[in-house]
Amino acid sequence: MGSAGLDPQLYTKLFLNGQYVASKSKETYSLRNPKDNTVVLDNIPIAGHEDVEAAVKYAEDAFHGPWSRFTAMQRTECFLKLAALLEEELTPILTLDSLTSGIPVSLAPVRERNYIRNCLLYYAGWTDKQKGDYFPADDGFVKIVRHEPLGVCAAINPFNAPVPCVFLKAAPALATGNVMIVKPSEKTPLGSLAVAALFEKAGFPPGVFQVITGPGSTGALLAEHMKIRKVSFTGSITTGKKIQVAAARSNLKRVTLELGGKSPAVIFEDANLENALTWTINGILTRSGQLCVAASRVYVQKSIADRFIEEYKTRMKAAVNDLGDPQDPNVKLGPMIDQAQLERVKEIVERGKHEAELVVGGNQYGDKGCYMEPTLFLNPKDDAEIYRNEIFGPVSIIKTFETEEEVLKLANDTEFGLMSGVFTRDITRALRMSSALETGVVGINCVSLQSLQAPFGGKKQSGIGREFGEYALRLFTEPKTVIINMAA
Ligand code: NAD
């Protein structure tokens, strides 16, 4: 049950006002390791009304108190210290987190570390660059515009990237002077709880960064709270809509929604096939397909379809050998998050067998834990569930096309609009496609990735607002205009 260093039992409390405290609510739930369904903990608190009230009060006190007096450079120092602390502490924390997330620890030393570290370093440099604006008195009034923090913000996070999500939300929020309460997914709270103490050690005053645990009911308390000024949410479209409604019904808090995807990857006949295969296979198998930007719809031009599909099939079949114990540092692919998600994916795949041609996988892998075989379908019916809906598993669908016009129609015929990829050596076509594809991010000769410096988020029902880069800072501040009467 133990992990390299950190005992899960230490993280069965909430992190409020700079310390781990028992929840006022006595309700708890249990967590299992998806590699074998053994119980990791049976006493994770379900934070209730009183706990949320306490968190909001501490957050407000910090926002109006010590945190408001921090200079930009002091905030930067906290960010840098936190990044330095994580050098030692992150791998044990991600290893602990892996016990319930099933995310392979092999991703920790490079991929996860770089993402989190770079996120902190990037936003550390933004604390003193909220420069605002100035308009001269040509109408008799000087106008000064300030970008002010919103106040108490909440992050409601999904299960599939628990620790990175903490930083990509907290860093722009804190860089701009806000305070944040994080509610991790009920399936993956351990890493978020463990990093909380490092914020304290790095010098952020108590109450600036807090973590409460619990399921949707706890998230709903945040979404409907009258004193919380913003919710930054990542998760499913269904929950995103509930949060938008709760925000509207309560205090019109600002809402950023990073929601699901069904990302198309379009492979033209002139593409570098090896490159296209590498990106599309990685794009559906990373985190066993539990990735919002997973390349789950692959369109390949007919003239190269046989060759591409044959190789894609071979690699998907071979990938079954990469499945294994996520706590083993040599293993690349882990299980689904839990039994419920495995069952859900199996049912969708079962129905898919009547809607498309199953050519690879299609079953649970092994008889222990929540592993799903890498799975590939060809030529789905137009209204097939596997083709239309986000599966959130290692399941991809390949469809062939003949012309650019045809594939554009296919790729855009969806309510999702998070990410797409175009594979071609023709730069004119690539740019034309990048304009026409209705997604928030388009990769050219790549897919299923994000950049810290550039905005990330969805069109259509894949989201509202953007994260990353300067754009995230804008959504954690609000302009205030000061008008000065020059005639007085
Ligand atoms: P989910 O919507 O089930 O849960 C997300 C969070 O919302 C959890 O913390 C949950 O407790 C909370 N929640 C549930 N009901 C709530 C309510 N009524 N009010 C407030 N909070 C509530 O999502 P999930 O299954 O954890 O994550 C998978 C989904 O997240 C997929 O659709 C995936 O595409 C999406 N996702 C999107 C991005 C992105 O950046 N666009 C990134 C990762 C995951």
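Every number for a ligand or one of its atoms is a count from 1 in the order of the listing.
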_Checking a contact table here: which protein heavy atom is nearest atom 7 (O) of ligand 1, and how many Å away?_
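Of every protein heavy atom, F233 CE1, 3.2 Å lies nearest to atom 7 (O) of ligand 1.
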*Quick one: look up the protein heavy atom nearest atom 21 (N) of ligand 1 and list residue, atom name and how far away it is.*
G219 CA, 3.5 Å
*Among S263, P164, C292, G240, which residue places a heavy atom closest to atom 38 (C) of ligand 1?*
C292
*Could you pull out, from P158, A340, G235, the option with a heavy atom nearest to atom 35 (C) of ligand 1?*
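That would be G235.
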Give a yes/no on ligand 1: does [X] have at least one heavy atom closer than 4.0 angstrom to it?
{"X": "C165", "value": "no"}
{"X": "A161", "value": "no"}
{"X": "G458", "value": "no"}

*With heavy atoms of T234 as the reference, note each atom of ligand 1 found under 4.0 Å away.*
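Those of ligand 1 that fall under 4.0 Å from T234 are 5 (C), 36 (N), 37 (C), 38 (C), 39 (C), 40 (O), 42 (C), 43 (C), 44 (C).
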*NZ of K24: more than 12 outside heavy atoms within 6.0 angstrom?*
no
*Which of these passes salt bridge (charged side-chain N to carboxylate O under 4.0 Å, His left out) with E385: K262, R344, R351?*
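The single option meeting the salt bridge (charged side-chain N to carboxylate O under 4.0 Å, His left out) with E385 is R351.
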_I need the contact type for S462 against ligand 1. Using non-hydrogen atoms and a strict under-4.0 Å cut-off, is it side chain, backbone, both or neither?_
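For S462, no heavy atom sits under 4.0 Å from ligand 1.
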*Between A223 and ligand 1, which residue portion shows a heavy-atom distance shorter than 4.0 Å: side chain, backbone, both, or neither?*
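For A223, no heavy atom sits under 4.0 Å from ligand 1.
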_Please tell me whether Y299 and F423 form a close aromatic pair, meaning their ring centres lie under 6.0 Å apart._
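No; F423 has its ring centre 6.0 Å or more from that of Y299.
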_is_close_aromatic(F79, F199), centroid dist under 6.0 Å_ = no
_All salt bridge (charged side-chain N to carboxylate O under 4.0 Å, His left out) counterparts of D367, not counting sequence neighbours_ =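 Partners of D367 by the salt bridge (charged side-chain N to carboxylate O under 4.0 Å, His left out) criterion come out as none, since no residue qualifies.
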_Looking at R388 and E415, is any side-chain nitrogen of the basic one under 4.0 Å from a carboxylate oxygen of the acidic one?_
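Salt bridge absent between E415 and R388.
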_Between R32 and D338, does any side-chain N to carboxylate O distance fall below 4.0 Å?_
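Salt bridge absent between R32 and D338.
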*Mind checking whether K183 has an N or O less than 3.5 Å away from an N or O of ligand 1?*
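Looking only at distances, the answer is yes, because the N/O contact criterion of under 3.5 Å is met.
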*State, without any angle test, whether T239 and S236 hold a side-chain donor-acceptor pair at a distance under 3.5 Å.*
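S236 and T239 do have a side-chain donor-acceptor pair below 3.5 Å.
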